[in-house]
Amino acid sequence: MIKWSYLALIIGLLLGQGAFSQVQSGDPMQRFLLHFKERDFNGFYQSYSPDLAKKVTLEQSSDFMGDMLQSFGDITHLKPLDWQNSNTLIYEVHFEAGDALIFGFRINEQKQIDYFQVFTLPEVGQNQDFLQADYTQIITQGLDSLVNNSQVSFALINKQEVTFLDVRSKAGKLVFSPGNNKIYPILNLSDVLTNTLLAKAITDKEITLGKTANHYYDFNFNNDLSLNLIALSNQRTSLPILPEEIFQENLKKGDSSGAFYKEDLEKYLKDYIHQDTANAQVYSYLNGAIISQVLQKHYKKDYQELLRENILEPYGMHHTFVGVPNKKRRVVFNNDQRAFIALNQNDAFIPSIGLYSTTQDLAKFIQAQFIERDQVLSFSRKPTAIISSNILASTAWKIEQTYYNENYIYFNTGLSSSFVNMMVFDPVSQCGVVILSNVNNSKNQQELFALANALMIKLLYNS
């Protein structure tokens, strides 16, 4: 039986237009059923659009279907899931072996399959032991190969109740302890708080919804590029990940620190900023840096003061820090125990990746999302962009319609090669998960993503 580890497959093929003459109509799931039943893997292959041609070969596509048949047997029954629209179709598919998978299709105007994704289904409904298991059992199964010395801290939120757990891998075993005061670099989750500051400025009518960042500078941006503040907050600006031109300039001056200060940001905006349309989906550290500088210019206050007055104090987040805190004993180091993320407090990237926090503080911030009358947090969750067929973006969050929950799930992540952090919640059911970790192994990182889903399902089941 498959456990809830997360798998995804995107497969495609290159075909001439004439190859689709007999398969351009009909539900793609029905096509899959027909070809799977008849073992006609080549026939299903011909349903794919040319846009996916460069992804994989016919041999890879056939191997995928063959492996599925060998592992699970024939399909016994299926049911469409709620997240359906004119070009996106998602099904729960059951097999002879007793397993179930989620099939997702996106079709183009010619009824060709543009996108095909397969997920393993968490063992909800299949394995009642999973739903009856306690959190330590679920975590133990989900992190059964955690690298030695790795640390993971959890906050499991069910309305006003929060379960805190610290986990450490020692000599091949997981050691659990209650705790909520370990301090981690939260990396990109810093953006969540910075963008909530922007949401407050808009809600308070300090800044208008359609305002551009350009308004706050006394010079034109390079190539007269205009940057809308909402687009900066939802990462739809297509800006480069990092300001490499400034780093190169500083290197020539003998500065190899990688620091990026206010003056560097303004020089970059004036002389170098550009859109990297080839990587439009890529996260950029520049977005949060620009938003923060705009807010500081508008309010004539520094970032630390704005964060304290508008986020940390109102929501009781007394263990969240701008830059490296003095309480080094509680700070979680990289897995190699030698170094941790450390930015100078004046670095322009602090608002994007430089905050430190605890599961206790981030759990408080999630619980505040459950308060309907909080107009700032409500605005921060309103969709402002479409990322994909089932994921939207708001000022502060990504929003997903999942197969395991009728409500929207809000989430964001903070990632590096040495840390993996996640916040996931459903404000309607009032459940959420915070995961902070110094996991630096790619397999363990994927396990943490799967574990976040599994823990959310457990919380929703118990709510």
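In this chain, numbering begins with 1 at the start of the sequence shown. Heavy-atom basis, side chains included; hydrogens, waters and symmetry copies ignored.
Note that CG of Leu448 and CG of Leu436 are 10.5 Å apart. Values are rounded to the nearest 0.5 Å. Taken to the nearest 0.5 Å, the OG atom of Ser284 stands 12.5 Å off from the CZ atom of Arg236. With rounding to the nearest 0.5 Å, the separation of CG in Leu193 from OG1 in Thr320 is 6.5 Å. Interatomic distance, Arg168 CZ to Leu146 CG, rounded to the nearest 0.5 Å: 10.5 Å. Here the CG atom belonging to Leu209 is positioned 9.5 Å from the OG1 atom belonging to Thr203, to the nearest 0.5 angstrom. In this structure, CE on Met317 lies 5.5 Å from CG on Leu362, to the nearest 0.5 angstrom.
Pro243 places a side-chain heavy atom less than 4.5 Å from the side chain of Phe349. Considering only heavy atoms from C-beta on, Val420 stays 4.5 Å or farther from Ile435 through its side chain. Side-chain contact check for Thr212 versus Leu227: every heavy-atom pair is 4.5 Å or farther apart. No side-chain heavy atom of Thr359 sits less than 4.5 Å from a side-chain heavy atom of Leu165. The shortest distance between side-chain heavy atoms of Phe370 and Lys159 does not fall below 4.5 Å. Side-chain contact between His274 and Pro240 is present, with at least one heavy-atom pair separated by less than 4.5 Å. Side-chain contact between Asp426 and Leu459 is absent, with no heavy-atom pair separated by less than 4.5 Å. The shortest distance between side-chain heavy atoms of Gln30 and Leu34 does not fall below 4.5 Å.
Partner Trp397 forms a ring-ring contact (aromatic ring centres under 6.0 Å, His included) with one of Tyr408, Phe425, Tyr410, Phe411 and no other, that one being Phe425.
The minimum heavy-atom distance linking Met456 with Ile409 is given by the pair CE-CD1, 3.7 Å. What you find for Glu400 and Ile391 is that their closest heavy atoms are CG-CG1, 4.1 Å. Of all heavy-atom pairs spanning Leu78 and Val93, the tightest one is CB-CA, 4.1 Å. The minimum heavy-atom distance between Ile186 and Asn421, with the atom names listed, is CA-ND2, 3.4 Å. The two residues Lys443 and Ser145 make their nearest non-hydrogen contact at NZ-OG, 2.9 Å. Counting all heavy atoms, side chain and backbone alike, Ala363 lies closest to Val162 at CB-CG1, 4.2 Å.
Using modelled atom types, one side-chain atom of Asn412 and one backbone atom of Ala396 make a donor-acceptor pair closer than 3.5 Å. Listed for the Asn438 side chain is a donor-acceptor partner under 3.5 Å among the backbone atoms of Gln151. Proximity of a side-chain donor or acceptor of Asn222 to a complementary backbone N or O of Ile273 within less than 3.5 Å is detected. Ser352 contributes a side-chain N or O that, together with a main-chain N or O of Ala289, makes up a donor-acceptor pair within less than 3.5 Å. At least one donor-acceptor pair closer than 3.5 Å links the side chain of Ser190 to the backbone N or O of Leu187. Between the side chain of Asn195 and the main chain of Ser233, a donor-acceptor pair closer than 3.5 Å is present.
The existence of a salt bridge linking Asp74 and Arg39 is confirmed by a sub-4.0 Å separation between a basic side-chain nitrogen and an acidic carboxylate oxygen.
Taking Tyr315 as the reference, Asp374 meet the side-chain hydrogen bond (donor to acceptor under 3.5 Å, both in side chains) condition, with sequence neighbours excluded. Applying the side-chain hydrogen bond (donor to acceptor under 3.5 Å, both in side chains) rule to Thr136 yields the partners Asp134; only residues at least two apart in sequence or on another chain are considered. Evaluation of the side-chain hydrogen bond (donor to acceptor under 3.5 Å, both in side chains) rule for Asp191 yields Tyr283 as partners, not counting sequence neighbours.
For Glu244, the CD atom sits in a packed shell: over 12 heavy atoms of surrounding residues, nucleotides or ligands are nearer than 6.0 Å. Few gaps surround CD on Glu96; more than 12 heavy atoms of other groups in view lie less than 6.0 Å from it. Environment of NZ in Lys382: sparse, with no more than 12 heavy atoms of neighbouring residues, nucleotides or ligands closer than 6.0 Å.
Remark: the Tyr184 side chain and the Ser153 side chain contain an N/O donor-acceptor pair separated by less than 3.5 Å. Under the 3.5 Å distance criterion, with hydrogens and angles disregarded, no donor-acceptor pair is assigned to the side chains of Ser150 and Asn444.
Taking the six-membered ring for Trp, Phe44 and Phe32 have ring centres closer than 6.0 Å.
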